[in-house]
Amino acid sequence: MTINLIKQNKNDFFDLLLLADEQIDMIEKYLYRGDLFALYDGGLKSICVVTDEGGGVFELQNIATYPQFQKQGYGRHLIEHVCAYYKAAGSTMIVGTGDVPSAIKFYENSGFTYSHKIENYILENYREPIFEEGVQLIDKVYLKRAL
């Protein structure tokens with residue numbers, strides 16, 4: 001298993017990025033200012049984008065694993081890698097996600113705790129309604145983890 005920092009041709013990863021964020025223009029807001037990490041294990045399995053939010057805070061903007069490779073530890077391995085990568089440069093990793101129990105649990109199991117939420121964020125920033133686990137997403141929930 002290897003994890004590479006991708007500096008060029010980030011657009012080549014849109015197919016995977018769109019699994020975690022359904023709107024290209026929203027991805028473009030962070031993709032080009034962030035670091036893109038790609039996890040390979042006999043082929044590409046998972047990616048994430050991390051941005052520097054200043055003041056020692058880094059944000060995990062997008063993390064996605066191809067569906068056939070989910071629940072095999074790739075996402076968690078990627079989170080551990082980026083947290084270690086940014087530890088010397090900062091104090092906190094944050095992540096924003098939809099208010100979906102499985103997503104919240106995934107991040108909690110990866111060492112994150114609830115921070116805050118932005119009400120109506122998804123309704124106000126996405127053109128189409130987003131549904132996960134049969135529920136329409138409305139708010140963006142933030143979790144944080146000490147580095």
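Please read all numbers here as calculations on a predicted model, not as lab measurements.
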Q. Closest approach of Gly96 and Lys140, non-hydrogen atoms and distance?
A. CA-CE, 3.7 Å
Q: Please name the pair of heavy atoms, one in Ala64 and one in Leu19, separated by the smallest distance, quoted to 0.1 Å.
A: CB-CB, 4.3 Å
Q | Interatomic spacing from CG in Asp99 to CD in Glu132 - rounded to 0.5 Å | A | 10.5 Å
Q. Any side-chain heavy atom of Ile94 sitting closer than 4.5 Å to one from Phe112?
A. no
Q: Please say whether more than 12 non-hydrogen atoms of neighbouring residues, nucleotides or ligands are located less than 6.0 Å from CD in Gln8.
A: no
Q) Looking at OG of Ser102 and CD of Glu133, how far apart are the two atoms once the value is rounded to the nearest 0.5 Å? A) 3.0 Å
Q) What heavy-atom pair brings Thr51 and Arg33 nearest, and what distance separates the two atoms? A) CB-NH1, 3.6 Å
Q) Is any side-chain heavy atom of Glu59 less than 4.5 Å from a side-chain heavy atom of Tyr30? A) no
Q | Nearest non-hydrogen partners of Met1 and Leu39, listed with the distance | A | SD-CD1, 3.8 Å
Q. With hydrophobic residues grouped by side-chain heavy-atom distances under 4.5 Å, do Tyr107 and Val100 end up in a single group?
A. no
Q. Got more than 12 heavy atoms from elsewhere within 6.0 Å of CD, Gln68?
A. yes
Q. Between Arg127 and Asp25, is the closest basic N to carboxylate O distance under 4.0 Å?
A. yes
Q. Partners of Tyr32 by side-chain contact (heavy atoms from CB on, under 4.5 Å), sequence neighbours excluded?
A. Asn11, Phe14, Glu28
**Q.** Connected via hydrophobic side-chain network under 4.5 Å: Ile3 and Tyr66
**A.** yes
(Q) Check this for me: Lys10, atom NZ, are more than 12 non-hydrogen atoms of other residues, nucleotides or ligands nearer than 6.0 Å? (A) yes
Q. Under a single-linkage definition using a 4.5 Å side-chain heavy-atom cutoff for Ile, Leu, Val, Met, Phe, Trp and Tyr, are Met93 and Tyr142 assigned to the same hydrophobic cluster?
A. no
**Q.** Close side-chain approach of Leu137 to Phe131, heavy-atom, < 4.5 Å
**A.** no
Q | Distance-minimising heavy-atom pair for Pro129 and Gln136 | A | CB-NE2, 3.6 Å
(Q) I'd like to know if the side chain of Lys45 and the backbone of Asp41 have a donor-acceptor N/O pair within less than 3.5 Å. (A) yes
Q. How about Tyr86 and Asp35: does a side-chain donor come under 3.5 Å of a side-chain acceptor?
A. yes
Q: Indicate yes or no: at least one non-hydrogen side-chain atom of Lys29 is less than 4.5 angstrom from one of Gln23.
A: no
Q) Could you state the interatomic distance from CD (Glu108) to OG1 (Thr113), rounded to the nearest 0.5 Å? A) 8.5 Å
**Q.** Residue pair Cys83 / Leu147, side-chain heavy-atom distance below 4.5 Å
**A.** yes
Q: With side chain to side chain contact (heavy atoms under 4.5 Å, CB included) as the test, would you mind laying out the steps for Arg76 and Phe106 before giving the verdict?
A: CA-CA 8 Å; Arg76 189 153 318 180; Phe106 169 76; 3.8 Å; yes
(Q) Hydrophobic clusters here meaning ILVMFWY residues chained together by side-chain heavy-atom distances under 4.5 Å, can you tell me if Ile27 and Leu5 are in one? (A) yes
Q) Are any non-hydrogen side-chain atoms of Tyr126 and Asp21 less than 4.5 angstrom apart? A) yes
(Q) In the structure I gave you, are the side-chain heavy atoms of Ile63 and Ile79 within less than 4.5 Å of one another anywhere? (A) yes
(Q) Which heavy atom of Ser46 sits nearest to which heavy atom of Thr65, and what is that distance? (A) OG-OG1, 2.8 Å
Q. Any chain of hydrophobic side-chain contacts (each under 4.5 Å) joining Ile138 to Tyr121?
A. no
Q: For the residue pair Phe37 and Tyr85, categorise the inter-ring angle as parallel (less than 30°), tilted (30 to 60°) or perpendicular (more than 60°).
A: perpendicular
Q. Which distance, rounded to the nearest 0.5 Å, do you find between the CG of Asp139 and the CD1 of Ile122?
A. 7.5 Å
Q) Quick one: CG on Leu17 to CG on Asp12, what's the gap to the nearest 0.5 Å? A) 10.5 Å
Q. Is there a donor-acceptor pair closer than 3.5 Å between any side-chain N or O of Arg145 and the backbone N or O of Ser110?
A. yes
Q: Could you check Tyr40 against Asn4 for side chain to side chain donor-acceptor pair (under 3.5 Å), going step by step and ending with a plain yes or no?
A: CA-CA 8 Å; Tyr40 295 88; Asn4 297 335; 5.0 Å; no
Q | Value rounded to 0.5 Å, distance of SG in Cys48 from CG in Asn62 | A | 8.0 Å
